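Notes for the one structure printed next.
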Amino acid sequence: MAREKLAQDVLEAALKERPDWKMTDDGKAIERRFVFRNFSEAFAFMTRVALKAEKMDHHPEWSNVYKTVDIRLTTHDAGGLTELDFVLARRIDAIFGG
Ligand SMILES: C[C@H](O)[C@H](O)[C@H]1CNC2=NC(N)=NC(=O)C2=N1
């Protein structure tokens, strides 16, 4: 899967398909906050995301405080957003949505 930075038009189209994510850092990353009922649910979600990310060899930047998980996606090798970030975002949304 491509680890090259996405062109502006492709980036805008990809973002439209992930309405819950917001672009940050001058278009270098996308971010979303996930809130759960408790820590156990938040951590279970993180475990599922971690396994998926490891399979993709593409890893989130994230933090967890109690029942909140903040995720930032960017491709370090490319210094910006690539197809991999949007594929991972879609998979994360699917895990969250059940
Ligand atoms: C060697 C290995 O494939 C790379 O270091 C991978 C690992 N996970 C990664 N994750 C993210 N988010 N960006 C990367 O550029 C990246 N590179």
Side-chain angles (χ1 to χ4, degrees):
M1 213 174 292
R3 249 187 238 276
E4 289 121 41
K5 263 205 253 188
L6 295 174
Q8 194 59 35
D9 55 338
V10 181
L11 197 58
E12 277 163 26
L15 198 63
K16 266 196 197 137
E17 287 178 20
R18 298 288 112 218
D20 294 320
W21 293 77
K22 67 174 189 315
M23 212 188 272
T24 58
D25 259 349
D26 286 331
K28 286 200 182 70
I30 49 174
E31 298 181 14
R32 180 173 175 189
R33 168 165 286 182
F34 297 87
V35 181
F36 298 86
R37 276 182 297 200
N38 52 48
F39 175 75
S40 289
E41 285 189 9
F43 200 77
F45 166 78
M46 291 177 79
T47 304
R48 294 182 69 197
V49 171
L51 294 174
K52 191 67 81 179
E54 182 63 3
K55 266 196 197 132
M56 289 175 66
D57 191 32
H58 194 64
H59 304 91
E61 296 176 15
W62 57 6
S63 66
N64 161 236
V65 178
Y66 177 37
K67 60 183 185 170
T68 298
V69 179
D70 286 311
I71 301 186
R72 178 180 189 271
L73 300 178
T74 185
T75 302
H76 306 122
D77 296 345
L81 286 164
T82 67
E83 192 188 349
L84 275 172
D85 296 305
F86 286 94
V87 171
L88 184 54
R90 192 166 70 230
R91 292 178 180 171
I92 291 171
D93 285 348
I95 289 170
F96 183 67

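Only a predicted model underlies this, so the values are computations on that prediction, with no experimental measurement involved. Along the sequence shown, residues are numbered consecutively beginning with 1. Just so you know, ligand 1 is whichever comes first in the structure, and atom 1 is the first atom listed for that ligand.
If you look at Glu61 next to ligand 1, there are no close heavy atoms at all, none under 4.0 Å. With a 4.0 Å heavy-atom cut-off, ligand 1 is reached by no atom of Leu73.
In this structure a side-chain-to-backbone donor-acceptor pair under 3.5 Å is missing from Asn64 to Val69. Proximity of a side-chain donor or acceptor of Thr75 to a complementary backbone N or O of Arg3 within less than 3.5 Å is not detected.
The closest approach between any non-hydrogen atom of Asp85 and ligand 1 is not below 4.0 Å.
The shortest N or O to N or O distance between Asp57 and ligand 1 is below 3.5 Å. The distance criterion of under 3.5 Å between nitrogen or oxygen atoms is met by His76 with respect to ligand 1.
Shortest contact from atom 10 (N) of ligand 1 to any protein heavy atom: His59 N, 3.0 Å. Of all protein heavy atoms, the one lying nearest to atom 15 (O) of ligand 1 is Asp77 N, 2.8 Å. The protein non-hydrogen atom at the shortest distance from atom 16 (C) of ligand 1 is Arg3 NH1, 3.5 Å.
Lys67 is not listed as a side-chain neighbour of Glu41, based on a closest heavy-atom distance of 4.5 Å or more.
Here the shortest heavy-atom pairing between His59 and Ala53 reads NE2-O, 4.0 Å.
Side-chain N/O atoms of Glu61 and His76 include a donor and acceptor closer than 3.5 Å.
Taking a cut-off of under 4.0 Å to the non-hydrogen atoms of Thr75, the atoms of ligand 1 that pass are 13 (N), 15 (O). Of all atoms in ligand 1, numbered sequentially from 1 with element shown, those under 4.0 Å from a heavy atom of Thr74 are 11 (C), 12 (N), 13 (N).
A salt bridge (Lys or Arg N to Asp or Glu O under 4.0 Å) with Arg32 is found for exactly one of Asp93, Asp70, Asp85, namely Asp93.
Between Phe34 and Phe45, the angle of the ring planes lies from 30° to 60°, which puts this pair in the tilted group.
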